[in-house]
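These notes concern the structure reproduced below.
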Amino acid sequence: MMELYELGVREIVEGIREKRFSALEVFDECLGRALACEGKVSALITATADTGRAHARQIDGYVAKGEPLGPLAGVPVILKDNICTHGIRTTAGSRILGRWAPPYSATVWDLLSSAGAVLLGKSNMDEFAMGNTCGTSAFGPTANPWDVSRVPGGSSGGSAASVAAGYVPFALGSDTGGSIRQPASYCGIFGLKPTYGLVSRYGLIAYGSSLDQIGPFTRSVEDMELIMHVLARHDPKDSTSVDKSEIDFTRRESKGEKPLKGKRVALVKEFQDFTLDPPIADAIKRLIRIFEEMGAEIAQVSLPTVARYAVACYYAIAASEAHTNLARFDGVRYGYTVTTAAGLRDMFEEVRSKGFGAEVKSRIIAGTCLTEPVRSEEYYVAATRVRTLIAEEFRKAFENVDCILQPVTPSLPGKIGESDEDAMKGYESDLYTLPVNMAGLPGFSFCTGYSDSGLPVGLQLVGPRWSDKNLLNMGFELEKVLGAPKIARGGN
Ligand code: GLN
């Protein structure tokens, strides 16, 4: 017998409709699982037990009365803590937001709650989504539920860890340069960074506005399609949102023995010169064979500008946008403030000195320098020009292939504390994820299996703009061969 917390989105929705169990039972089992793991994993900043239970009871009321139910009725969810939830503390992993409770909700949370999803908590993250370990959070680190001495990845590490450990069947994160795909890979689950513009970012606390995108974590591809079906909606409140209602995420065509016949899957020529941890290199070789067996043709594309300049350009652009976006945290409008300062200027200085952590400060300082009038042409503007070349390089590559198969990270998750020591190494490890954001493309991270040491080994599929559903279709076929991600022990 499976425990209720082990069920996926579709199974929960069906079970509640068929009255095999109630929404409250599901919620309480998931909450129980979360509490059993939290001591070791620390994936949550806030647990929303009371409001969640009330919402679950309300869903059970609809079931009892035979009223229509939303497509996610009774499914528990965790949101990254940079996604605004009306009346519920939202911190972005920072001290500067203090106990700030937003007066409005992000569109994604409006969509999910109208579909019947029930909030279980807000997850830990690198401060303002800057980092790739969860180690820059003002609330302390989160642990990888597969090995609690290791990092879960970041910045959406809490969301990934909570899905991997079975707190919830799905969670949302945000991805500016890899923050969904990298923790999904470290925690052994599915993570999708949708095409820029497909999912509304209204109510997401902005980091790099031209790069940020919200997306889901799940333990099955089918569940991911159910979530995307709810989230991929045009939002007039987000000027970058695009109407793509023609994409039907729930459509499934029955495929024969060679389900990927006619598909061309490419490897990146330049990436083959870089070293990978052996389990990741082996996974690529194995996946090539699997793709071939499924009828796909393996090709090669060349992305020289990406390989050489993407990391430097990304960090220049992300820091420049971050310094603008974070200017609003001044102690007047949000959360943390001081009352002892001599004047306004002193107050700004004190609030920002005490409220922001070291990584955020270094990005704000870098962004301030890079965009200074005397320097911006040479740095910020130059980086945006290279970005155009990067997008063009991908566009050309996708004239001949359907998707690219590539690593998510060069290595498996490191020990907590260790990976924070060498910031530059951390930045470079983002090479495989951040070009995808620079070009606004979809990237899909999936678990290929486990290393001898029991750590998940993830890889990534990248496609042209709006090919999100195609990536998931391939993911669906891969899941049949590779098996669904398992639930981690979560320190138990
Ligand atoms: N690690 C990258 C950064 O720190 C990406 C983070 C993200 O995607 N939010 O900027």
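Order of listing sets the numbers, starting from 1, for every ligand and every atom in it.
- Under 3.5 Å, the side chains of R201 and Y196 contain a donor-acceptor pair of N or O atoms.
- Residues L434 and Y315 have side chains in contact (heavy-atom distance under 4.5 Å, counting atoms from C-beta outward).
- Looking at residues two or more places apart in sequence or on another chain, you find no salt bridge (charged side-chain N to carboxylate O under 4.0 Å, His left out) involving R99.
- Of the N and O atoms on the side chains of K122 and T90, at least one donor lies less than 3.5 Å from an acceptor on the other residue.
- Contacts of K354 classified as salt bridge (charged side-chain N to carboxylate O under 4.0 Å, His left out), with partners at least two apart in sequence or in another chain: E350.
- A search for salt bridge (charged side-chain N to carboxylate O under 4.0 Å, His left out) contacts involving E479 returns nothing, not counting sequence neighbours.
- Near ligand 1, A129, M130, G131, N132, S155, D175, T176, G177, G178, S179, Y207, Y314, Y315, R363, D430 each place a heavy atom less than 4.0 angstrom from the ligand.
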